[in-house]
Asker: 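Structure provided below as structure tokens; questions to follow.
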There are 2 protein chains.
Amino acid sequence: MASSKKPRTQEERSAETLARIRRATIDVLYERGFSRTSTTEIAKVAGLSRGAMTHHFASKEEILTDAIAAMLEEVNQRLFAFAEEYGERGGTTDEIVDYIWQFMSDRLFYVTMEYLPETRHNEEFKARLIPVVRRFHEGLDAIWSALARKRGVPEDHARIVMNTTMCIVRGMIAQTVLRQDGGYYADMLAFWKNEVRRQFPAPQKEGSS
Amino acid sequence: MASSKKPRTQEERSAETLARIRRATIDVLYERGFSRTSTTEIAKVAGLSRGAMTHHFASKEEILTDAIAAMLEEVNQRLFAFAEEYGERGGTTDEIVDYIWQFMSDRLFYVTMEYLPETRHNEEFKARLIPVVRRFHEGLDAIWSALARKRGVPEDHARIVMNTTMCIVRGMIAQTVLRQDGGYYADMLAFWKNEVRRQFPAPQKEGSS
DNA sequence: ATTTACAAACAGTCAAGTTTGTTTGTTTGA
DNA sequence: TCAAACAAACAAACTTGACTGTTTGTAAAT
């Protein structure tokens, strides 16, 4: 019975364990909710002992903020990538709205709703998250600024439309918790896409109406 | 040291105590957050013993759902009252948006954000809240339907604009938790009021553009 | 190339503090 | 006198942080 485990460097072990903890934390947050999220459960989902976690993190709060920050950073990566690709390609406004709706409703904002209220009651928690959230908004800005330049729309105005879009999507996702009705949200999204299209007139072709 | 307490009927005592518990529950929920809301704290804020609460409610969950339902019912009352008064008077669309923003950001949606995620993980909780939330939306519907009839706009369309407005407001309030910037939200609200105005052309006068 | 010493990574247990539901006792109104 | 309204104490269950011990990798010395 030779051990089938390949030897890994300490750094690799550490990095992988941290990743496991982060993933487990977000999973538990999403599936069980903030008030039910215990370090015991996180360790179980991560397949680790609680003692191992105390080696990597000093407190529960540190585990949470680290996991959330890592999650947002990852979203940022994808956001900037999309912004660059989109800027070169010059896509439609509909596409942006769909993209935002998609990645927000795919767990991101549900997880956000779990920890967001905590920041109202925990200054440290809030202080730790504000910088990553700022970066998140820079990522969004990159997308809409690219669009604004292409369409010759003032960036200030683009920013307002962007922020409004984000708020609509947040509000819609919040509502999905108590109201499940696909058509309802589809109608609203369609309506909003129409409005955004109006705000960003297409430069040459692609005007469908 | 004669007791200065006036004798009250059992029903009065009971009703007042229930009201105190409800108020305290919402207060604690708003100020301390869902995960920090304990029955001990609620009792303290209500100025009651925990034992007294167990007489009125069988469980913590019952205390919470009762308080939340009562809060929403009270909002509904005001909503329907506004709808009636507004319908007779025939106010502006700006006014509606302002009104919604006002009562949503005055604690209502902050409290909602505290308990909303819980409904994702607690079916009983959710089942108890869905009917009151439905009534809440009927109240909103009453306002916008009144407007739609006055302006000769299809009610379906009014409903979409209404729901979008609600979602924007929800999303904005959620964002205020991590971003405080009065001007930012003022600009967005102004932009949105403009959009709503476009969707509901004034019947005769009051066209400002 | 081993051996040896050390630090990082991990597991498991314990005690202190909270929280909730229950139970028992007391006061107030019908 | 009886029941509702309230108070207070209790027990069981959780959760967290701290502490102790074991394994795994690293690097220096032989």
Asker: Heavy atoms within less than 4.0 Å of DNA chain D: which residues of residues 16-31 of chain B have one? Give them sorted by number.
Answerer: B:T17
Asker: With B:D94, which residues qualify under side chain to side chain contact (heavy atoms under 4.5 Å, CB included), at least two apart?
Answerer: B:T92, B:K193, B:R197
Asker: Write out all pairs satisfying side-chain hydrogen bond (donor to acceptor under 3.5 Å, both in side chains) with one or both partners inside residues 181-191 of chain B, taking only residues at least two apart or from two chains.
Answerer: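 Listed by first then second residue: A:N163-B:Y184, B:Q175-B:Y184.
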Asker: For A:T40 and for B:S49, find the nucleotide of DNA chain D with the closest heavy atom, then tell me which residue's nucleotide is more 5'.
Answerer: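 Residue closer to the 5' terminus by nearest nucleotide: B:S49.
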Asker: What residue pairs, at least two apart or across chains, pass side-chain hydrogen bond (donor to acceptor under 3.5 Å, both in side chains) with a residue in residues 104-113 of chain B?
Answerer: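 As it turns out, the side-chain hydrogen bond (donor to acceptor under 3.5 Å, both in side chains) pairs with a partner in residues 104-113 of chain B, which skip direct neighbours, are B:D27-B:R107, B:Y110-B:T176.
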Asker: For a quick check under 3.5 Å, do A:T165 and A:W192 share a side-chain donor-acceptor pair by atom type?
Answerer: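 On atom types as modelled, these side chains qualify, holding a pair under 3.5 Å.
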Asker: The side chain of A:H55 is closest to which nucleotide in this list: D:dC6, C:dA9, D:dT16?
Answerer: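 It is C:dA9.
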Asker: By the ring pair (Phe, Tyr, Trp, His ring centres under 6.0 Å) test, which pairs, at least two apart or in different chains, include something from residues 57-100 of chain B?
Answerer: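 Residue pairs with at least one partner in residues 57-100 of chain B: B:F82-B:Y86, B:F82-B:Y99, B:Y99-B:F103.
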Asker: Not counting sequence neighbours, which residues clear side-chain hydrogen bond (donor to acceptor under 3.5 Å, both in side chains) with B:E84? List them please.
Answerer: none
Asker: Polar-atom pairs under 3.5 Å, protein N or O versus N or O of nucleotides 17-23 of chain D: list them with distances, or write none.
Answerer:
residue, atom, partner, partner atom, Å
D:dG17, OP2, A:K60, N, 3.3
D:dG17, N7, A:R50, NH2, 2.5
D:dG17, O6, A:R50, NH2, 2.8

Asker: With A:R36, which residues qualify under side-chain hydrogen bond (donor to acceptor under 3.5 Å, both in side chains), at least two apart?
Answerer: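 Per chain and number, A:R36 pairs via side-chain hydrogen bond (donor to acceptor under 3.5 Å, both in side chains) with B:E118.
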Asker: Below 4.0 angstrom from OP1 or OP2 of C:dA8, is there any side-chain N or O of A:H56?
Answerer: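 For C:dA8, OP1/OP2 do not have a side-chain N/O of A:H56 under 4.0 Å.
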Asker: Name all residues meeting the salt bridge (Lys or Arg N to Asp or Glu O under 4.0 Å) criterion together with A:E16; count only those two or more places apart in sequence or in a different chain, and write none if there are none.
Answerer: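 In terms of salt bridge (Lys or Arg N to Asp or Glu O under 4.0 Å), with neighbours along the sequence ignored, A:E16 is linked to A:R8, A:R20.
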Asker: Nearest-Å distance, CD (A:E11) to P (C:dA8)?
Answerer: 13 Å
Asker: Nearest-Å distance, CG (A:L64) to C1' (D:dT15)?
Answerer: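 Nearest whole value for this atom pair: 13 Å.
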Asker: Between C1' on C:dT22 and CE on B:M53, what's the gap in Å once rounded to a whole number?
Answerer: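 After rounding, the reported distance stands at 14 Å.
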Asker: Just to verify, what does B:T39 make a side chain to side chain contact (heavy atoms under 4.5 Å, CB included) with, not counting sequence neighbours?
Answerer: B:R50, B:M53, B:K60, B:I63
Asker: Any idea how A:F200 and A:W144 line up, ring-wise: parallel (<30°), tilted (30 to 60°), or perpendicular (>60°)?
Answerer: tilted
Asker: I'd like to check the side chain to side chain contact (heavy atoms under 4.5 Å, CB included) partners of A:K126; sequence neighbours left out, ordered by chain and number.
Answerer: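 Expected list: A:T119, A:E123, A:I130, B:L178, B:Q180.
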Asker: Can you give the dot-bracket line for DNA chain D, where a pair is Watson-Crick or G-U wobble with both atom distances under 3.5 Å, crossing pairs use [ ], and | marks a partner on another strand?
Answerer: ||||||||||||||||||||||||||||||
